Amino acid sequence: MRMRHALAAVAAAVSVAAVTAGPAQAAEYTSALKVKGVQYDAPGTDSNRCSGGNTKNEYLTIKNYSRTAKVNLKGYAVKDAAGNKYTFTTNHTLEPGDYIKLRGGKGTNSDAGNVVYRQNCNFIWNNDKDTINLLKPGGAKADVHSYTKRANDPDGNGYINYHG
């Protein structure tokens, strides 16, 4: 009799744990910098020509979500699933709550305009699916997001929001 009560108690505890655990969440990395959003599909017909192409319209927004800490982007990198990588090689400090748009194409970086250009006219993000890796200096993950156009872009405008 005592064994039956013990088994019933264990079964009840397992049931409660299964209900309260909920679905598995994506890993949350310890970094003030996070991917705020991505324009993975530049509006218009894709053209990676440096003159007249639309790679400047593909961008990744990175935001400093800290309330107090400034973060220097030098040494941070972004990488896609295929291993295409861009590393921030110069100092660019984000104040708390500030953001930067990392754009494709060639252009003049601007602290005042919150923009950095990859100085490369090739697209980095795939239009159907990809993985965005934001890496800290040294290679540790700061933030990671995988997307598919079908699952993550219901309005089909080529833009996905993360972290609000």
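All values derive from a computational prediction rather than experimental measurement.
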Task: Intermediate values then yes/no, side-chain hydrogen bond (donor to acceptor under 3.5 Å, both in side chains), Tyr40 and Asp153 - done: CA-CA 10 Å; Tyr40 67 90; Asp153 189 9; 2.7 Å; yes
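- Pairing each heavy atom of Gly107 with each of Gln119, the nearest pair is O-NE2, 2.6 Å.
- Side-chain contact of Asn122 with Asn48: a donor-acceptor pair under 3.5 Å is present, judged by distance alone.
- In the displayed structure, Lys136 atom NZ is contacted under 6.0 Å by more than 12 heavy atoms of other residues, nucleotides or ligands.
- Between the side chains of Ser47 and Arg49, at least one donor N or O sits under 3.5 Å from an acceptor N or O.
- The neighbour count for Tyr99 OH, taken as heavy atoms of other residues, nucleotides or ligands under 6.0 Å away, does not exceed 12.
- Across every non-hydrogen atom of Ser31 and Ala142, the tightest pair is OG-CB, 3.5 Å.
- For the 3.5 Å distance criterion, the side chains of Asp111 and His92 qualify, holding a donor opposite an acceptor.
- Side-chain contact, Asn127 with Asp46: a donor N or O sits under 3.5 Å from an acceptor N or O.
- Put simply, CG on Leu134 and NZ on Lys79 are 12.0 Å apart, with the number rounded to the nearest 0.5 Å.
- A heavy-atom distance below 4.5 Å is not found between the side chains of Lys74 and Pro137.
- Closest of all the heavy-atom pairs between Thr87 and Ala77 is OG1-CB, 3.7 Å.
- In this structure, Val38 is not a member of the same hydrophobic cluster as Phe123, with clusters built from ILVMFWY side-chain heavy atoms closer than 4.5 Å.
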- [ ] Evaluate side chain to side chain contact (heavy atoms under 4.5 Å, CB included) for Tyr147 paired with Ile132, printing each intermediate quantity in order.
- [x] CA-CA 8 Å; Tyr147 66 84; Ile132 302 164; 4.1 Å; yes
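- Considering all non-hydrogen atoms of both residues, Ile100 and Leu73 come closest at CG2-CD1, 3.7 Å.
- Here the closest heavy-atom approach between residue Ile62 and residue Leu94 is recorded as O-CD1, 4.1 Å.
- Interatomic distance, Asn152 CG to His145 NE2, rounded to the nearest 0.5 Å: 10.5 Å.
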TODO: Report the C-alpha separation of Lys63 and Leu33 in whole Å, then their side-chain angles, then the decisive distance to 0.1 Å, and conclude whether the side chain to side chain contact (heavy atoms under 4.5 Å, CB included) test is met.
DONE: CA-CA 6 Å; Lys63 183 176 177 181; Leu33 292 186; over 6 Å; no
TODO: Output, in order, the C-alpha distance, side-chain angles, deciding distance and verdict of side chain to side chain contact (heavy atoms under 4.5 Å, CB included) for Val78 and Leu135.
DONE: CA-CA 6 Å; Val78 295; Leu135 306 172; over 6 Å; no
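- A cation-pi arrangement is present between Lys56 and Tyr117 under the rule of less than 6.0 angstrom and at most 45 degrees off the ring axis.
- Using modelled atom types, one side-chain atom of Gln39 and one backbone atom of Asn157 make a donor-acceptor pair closer than 3.5 Å.
- For Asn120 against Lys106, the heavy-atom pair with the smallest separation is N-CG, 4.3 Å.
- Screening Leu102, Thr108, Leu60 for a side chain to side chain contact (heavy atoms under 4.5 Å, CB included) with Val116, the sole residue that qualifies is Leu102.
- If you take OG1 on Thr93 and CG on Asn64, they are separated by 10.0 Å, rounding to the nearest 0.5 Å.
- A 4.5 Å side-chain heavy-atom check between Val71 and Tyr76 finds at least one atom pair inside the cut-off.
- Between Asn114 and Asp98 there is a side-chain heavy-atom pair separated by less than 4.5 Å.
- The same ILVMFWY cluster, assembled from side-chain heavy atoms under 4.5 Å apart, contains both Tyr162 and Ile124.
- Distance check: Ser146 OG to Asn133 CG gives 7.5 Å after rounding to the nearest 0.5 Å.
- At least one donor-acceptor pair closer than 3.5 Å links the side chain of Asp80 to the backbone N or O of Asn84.
- In this structure, Lys149 pairs ionically with Asp41, as a charged nitrogen and a carboxylate oxygen lie closer than 4.0 Å.
- Residues Arg118 and Glu58 are paired through a salt bridge, judged by an N-O separation under 4.0 Å between the basic side chain and the carboxylate.
- For the pair Lys101 and Tyr59, the distance from NZ or CZ to the six-membered ring centre is under 6.0 Å and the angle to the ring normal is within 45 degrees.
- For the residue pair Asp143 and His163, a side-chain donor N or O sits within less than 3.5 Å of a side-chain acceptor on the partner.
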